[in-house]
Each structure stands twice: as C-alpha cells, then as structure tokens.
There are 2 protein chains.
Amino acid sequence: MNIEQSISSISRQSLHVELVERLRDLIVDGTLAAGEKIPERELCERFGVSRTPMREALKVLAADGLVSLAPNRGAWVSKITVTELEEVFPIMGALEGLSGEMACLHISDQQIADIRKIHHEMVAHFKAGELNEYFSANQAIHEAILEAANNPTLRTMYRTLAARIRRARYLANMTDERWAEAMDEHEQILQALEGREGEKLAMILREHLKNKFDTVRQWLVDEEAES
Amino acid sequence: MNIEQSISSISRQSLHVELVERLRDLIVDGTLAAGEKIPERELCERFGVSRTPMREALKVLAADGLVSLAPNRGAWVSKITVTELEEVFPIMGALEGLSGEMACLHISDQQIADIRKIHHEMVAHFKAGELNEYFSANQAIHEAILEAANNPTLRTMYRTLAARIRRARYLANMTDERWAEAMDEHEQILQALEGREGEKLAMILREHLKNKFDTVRQWLVDEEAES
DNA sequence: TGACTTCATTTTGAATTCATAATTCAATTT
DNA sequence: AAATTGAATTATGAATTCAAAATGAAGTCA
C-alpha cells in the first residue's frame with residue numbers, strides 16, 4: 001500500500017479539500033449564484049476558518065473553472081455563458097462516449113442489473129411526473145456507467161465538467177415531448193449496455209447529451225434575453 | 001471588456017499562478033523527478049517566495065494530478081504508473097479526436113497552410129534523424145490542430161493531461177520502424193485535415209495516439225523492471 | 001542484535017499580521 | 001449637476017507566527 005492511500009484512508013482530509021467540496025456544492029446548487037462576488041472574509045466567517053485554507057480552496061476552484069479570480073480584486077462565481085456551454089458539451093460528449101465504451105469492456109452482470117434497477121425506478125418517476133426524482137435516477141445511471149468504466153481520471157474530469165453544467169437550472173425548460181424522448185434514449189442506452197455494444201453505446205450517449213444541450217441552450221438563451 | 005480581461009492585460013499574474021507554471025515545467029522536464037519528495041521550505045528558497053503562495057500552487061498542481069499531497073506529510077511529485085497511463089491515454093484519444101473533428105469545422109486555409117509548413121519541417125527533421133527537433137514540430141502540429149478547434153476548455157484539459165504524459169521520456173525507446181510509421185500517420189493527418197474530413201481525422205488521431213501509447217507503455221514496463 | 005520508548009528537531013497546517021492595491025465617498029472643481 | 005480628486009476605508013497578496021503532527025536519533029531493555 002502506498003503512502004497516499006494509507007494516509008487518505010486513515011486521517012480526515014485537510015481543510016482546503018473540505019472547503020473545495022463544500023464550496024463546489026454551494027455553487028452547483030446555486031446558493032452561490034453565477035456572477036456573484038464572493039468576498040473572502042464573508043466565506044471565512046460562514047465556514048469558521050481562516051483565510052489561508054479558504055484562499056487555497058478558491059485557487060483550486062478557479063483552476064476547475066467554477067470561480068474566477070481577478071488579481072487584487074478577489075473572487076467571483078463564474079458566469080455560465082452560451083459560449084462556455086458550447087465548449088463544454090462536446091467535451092462531455094467525448095468523455096461520456098468513452099465512458100460508455102470502456103464500461104462495455106469491463107461491466108459485470110451484477111453492475112448491469114443494478115443499472116437496470118435504477119432505470120426502472122427512473123421510468124416510474126417519469127410516469128409519475130416526478131421531475132427531481134427522475135433527474136436523480138438519471139444522474140445515478142450516468143454515474144454508474146462512469147463507475148463501470150473503471151477509470152478514476154476519467155471520472156474526475158467528467159465530474160468537474162458536470163459541475164460546471166449542472167449549475168444551469170434547465171430542468172424547468174424541459175418539455176414533456178423532450179422528456180419522453182430522453183426516456184426512449186435511456187431505453188437504448190440500457191440495451192446497448194446489456195449487449196455490451198461499446199461503439200453503439202458511445203454514439204447513443206453522445207446523441208443523448210447533444211439533445212440535452214439543445215434544451216440547456218434554449219434555457220440559457222431565454223435567460224440571457226431576460227437580463 | 002470584462003473585468004478579468006482588463007485586469008490581466010494590465011497587471012502581472014499573481015505569484016501562485018507563476019509558481020504553478022514554473023513548477024509544472026520543472027516536473028514535466030524532469031528536473032523534479034517523479035516520486036521525489038518536495039519539501040515546501042526547499043521550494044520556497046529556490047523561488048524566493050514564502051510558503052503561502054507556494055502552498056496555493058501545490059494545491060492546484062495536486063488537483064491537476066502532477067503532485068500528490070499527504071496530509072501532514074507534505075508533497076511528492078506524482079509517480080507515473082502504467083495504470084495511470086492506461087487511464088490517461090484513452091482520454092487523450094477522445095479529446096484529441098474531438099479536437100480534430102472540431103478543427104475540421106473551423107479551420108481556415110491559412111491555418112492548414114501553416115500546419116503543412118510545420119509538417120514539412122518535421123519531415124526534414126525525420127530524414128535528418130533529429131529526434132528532438134522532430135518531436136517539437138510534432139507537438140506543434142498537434143497544438144495547431146487544438147488551436148484550430150477553437151475551444152479553450154478543450155485546450156486546457158488536453159494540456160493538463162499532456163503534461164502528465166510528457167514526463168515519460170519515452171523518446172529513447174522509439175524504434176526507427178515506429179518512427180517511420182508515425183510519419184506515415186502524420187501524412188494521413190494532414191490529408192484528412194486538408195479534406196476537412198472530421199470523423200476520419202478523429203479516427204487517425206486516435207489510432208496515432210494509441211500507437212504512441214504502445215511505445216510509452218513499453219518504455220515504462222522496461223523502466224519499472226529496472227527498479 | 002533488534003525492537004520499543006522517549007524526546008528534540010523538523011515539517012506541515014492554519015491563523016495572524018503586515019504591506020499594498022482597490023474601493024468608497026466626501027470635498028472640490030468645472 | 002456632473003466629473004474629478006484625494007483621503008479614509010476595506011479587501012487582497014504575501015510573509016510571518018504559532019500549534020500540532022511527523023520524523024529521526026538516542027537510549028533502554030529483552
């Protein structure tokens with residue numbers, strides 16, 4: 001067992017890692033809104049820490065693209081722009097496609113069974129019109145595929161990008177028609193996964209994401225038109 | 001003009017950004033060797049800065065995977081393992097393939113002409129047996145394609161991964177046969193680019209990278225066998 | 001010899017302090 | 001009234017300080 005593993009499994013993480021995670025959550029769930037100024041002192045008071053670990057955390061979040069730093073001017077929550085989403089979505093597509101391909105190489109019958117179970121729950125939430133529960137199940141499926149791909153680096157990169165996208169509260173904009181379409185796509189995802197058809201799964205996942213992007217873009221265009 | 005742009009064009013970057021870049025270079029070029037312990041005090045003395053900005057820089061590098069942090073134990077230059085390369089290369093392939101596809105959508109005749117020029121220089125270096133010069137030209141071509149893809153997020157992610165891979169001094173292991181093969185692949189890359197055949201280019205780039213990976217893996221297996 | 005303790009030293013984590021740059025706002029000028 | 005200047009305030013960048021944990025060496029005992 002190497003040093004890093006033995007340490008991380010025993011002691012708790014350092015303060016700045018904790019802060020990175022909590023700040024990321026606050027940004028993703030919108031508590032810290034896009035474009036908002038985030039003064040260090042205020043954040044430090046909120047979390048009861050000094051400026052040193054907070055500043056370390058802000059540097060990491062800036063490297064991840066969730067925070068913008070202006071020298072001597074402080075930190076802002078990064079804005080979500082159409083341009084940014086147009087950059088990020090194709091990359092997400094490439095990564096998710098890859099995760100599908102790799103998942104097909106490694107996935108066990110048990111893992112497929114687990115995903116099928118989530119899939120059925122998702123169908124139930126769809127039929128009940130439970131949007132948030134549907135969304136959670138949906139996300140869980142993509143996470144499970146990512147998990148099956150068995151590539152920690154891919155997982156980290158995917159999640160970093162996903163965080164930037166999830167801040168867009170596009171759900172409200174999803175039409176019933178699009179929702180039904182997404183369900184159909186998910187049926188195909190499950191079938192490709194069960195047949196372990198890597199390339200086909202990759203294609204479906206990319207298409208699925210592209211359609212999602214169209215929904216998000218529409219939301220964002222409307223949003224920007226308002227302000 | 002937004003705040004970040006107006007600031008960055010006037011004032012110099014903050015210390016920790018400077019440190020991130022310089023440390024990254026030292027790690028990539030092997031001055032700081034993989035697996036090496038890097039005590040903060042020593043680094044601070046080398047760069048003439050205090051521990052605060054240095055620690056900020058180490059946090060960012062750790063997030064990028066070039067440095068490993070063990071709580072209360074300090075920082076190490078991350079080791080390059082076969083496992084890590086097996087994770088990273090397929091991701092590089094997906095990103096480079098995407099960059100090829102996107103480049104074909106946007107690239108101008110001038111940009112293609114520029115790449116063709118570098119390509120010919122590279123051929124000359126190949127014929128002269130100038131490995132390092134060949135490698136620089138090679139890298140410049142991939143960078144130019146990435147540039148033509150016109151996606152800053154993709155560029156950043158690609159470069160972050162590339163930094164992790166380039167530390168492997170695999171060049172020494174490249175056979176003349178493999179070298180000739182790589183040249184042939186580059187001919188195909190140029191042709192696909194000129195024909196703006198996105199999918200074909202993506203495929204060639206992925207294949208090209210996969211072959212490179214095989215070379216690197218062989219180097220690393222030999223390396224690990226030594227120690 | 002070799003494993004275990006103890007304690008001084010070193011290193012790191014985080015808080016505090018100090019210097020400097022940016023911001024605010026009242027006073028002044030046009 | 002609007003724009004400009006400049007002092008006071010505030011926030012940030014970086015160095016220093018302090019506390020806690022890890023390291024390493026000497027000593028102890030089996």
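Note that this is a predicted model, so its numbers are computed, not measured. Hydrogens, waters and symmetry mates play no part in the numbers below; they use all other heavy atoms, side chains included.
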**Study point:** Value in whole Å for how far the P atom of C:dT23 lies from CZ of A:Arg41
**Key:** 16 Å

Practice item. For salt bridge (Lys or Arg N to Asp or Glu O under 4.0 Å), just list the numbers for A:Glu40 and A:Arg55, CA-CA rounded to whole Å, side-chain angles, deciding distance to a tenth of an Å, and then say yes or no. Key: CA-CA 8 Å; A:Glu40 286 174 11; A:Arg55 288 170 57 80; 2.6 Å; yes

Practice item. Using whole Å, report how far CD of B:Glu56 lies from C1' of C:dA14. Key: 13 Å

Check your understanding: For C:dT23, does OP1 or OP2 lie under 4.0 Å from any side-chain N or O of A:Arg73?
Key -> yes

Exercise for review: Find the distance A:Leu15:CG to D:dA21:C1' and express it as a whole number of Å.
Suggested key: 15 Å

Review point. Can you tell me how far P of D:dT10 sits from CD1 of A:Ile38, to the nearest Å?
Key: 21 Å

Review point. Atom CE of A:Met54 to atom C1' of D:dA11: distance rounded to whole Å?
Key: 15 Å

Practice item. Compare side-chain N and O positions of B:Lys37 against OP1 and OP2 of C:dT10 and report whether any pair is under 4.0 Å apart. Key: no

Check your understanding: When you measure from the side chain of B:Asp64 to the backbone N and O of B:Leu66, does any donor-acceptor pair fall under 3.5 Å?
Key -> no

Check your understanding: For the pair made of CD in B:Glu40 and P in D:dA21, what is the distance, rounded to whole Å?
Key -> 17 Å

Review point. So what does B:Arg51 hit on the nucleic acid, given a heavy-atom distance under 4.0 Å: a base, only sugar-phosphate, or nothing?
Key: base

Exercise for review: For B:Lys37, look at atom NZ and say whether over 12 heavy atoms of other residues, nucleotides or ligands are found less than 6.0 Å away.
Suggested key: yes

Review point. So, B:Arg217 and B:Asp214, do they make that salt bridge, N to O below 4.0 Å?
Key: yes

Review point. Can a side chain N or O of A:Lys59 be found less than 4.0 Å away from OP1 or OP2 on D:dT12?
Key: no

Check your understanding: Could you give the CD-to-P distance, from B:Glu45 to C:dT11, as a whole number of Å?
Key -> 10 Å

Review point. Is B:Ser50 near enough to D:dA15 that one of its side-chain N or O atoms lies under 4.0 angstrom from OP1 or OP2?
Key: yes

Review point. Mapping A:Thr52 and A:Gly74 to their closest nucleotides on DNA chain D, which lands nearer the 5' end?
Key: A:Gly74

Review point. Could you give the NE2-to-C1' distance, from B:His16 to D:dT12, as a whole number of Å?
Key: 13 Å

Practice item. Taking only the side-chain nitrogens and oxygens of B:Arg55, find out if one of them lies under 4.0 Å from OP1 or OP2 of C:dG13. Key: yes

Review point. Salt bridge check: are A:Lys79 and A:Glu84 linked by an N-O gap of less than 4.0 Å?
Key: no

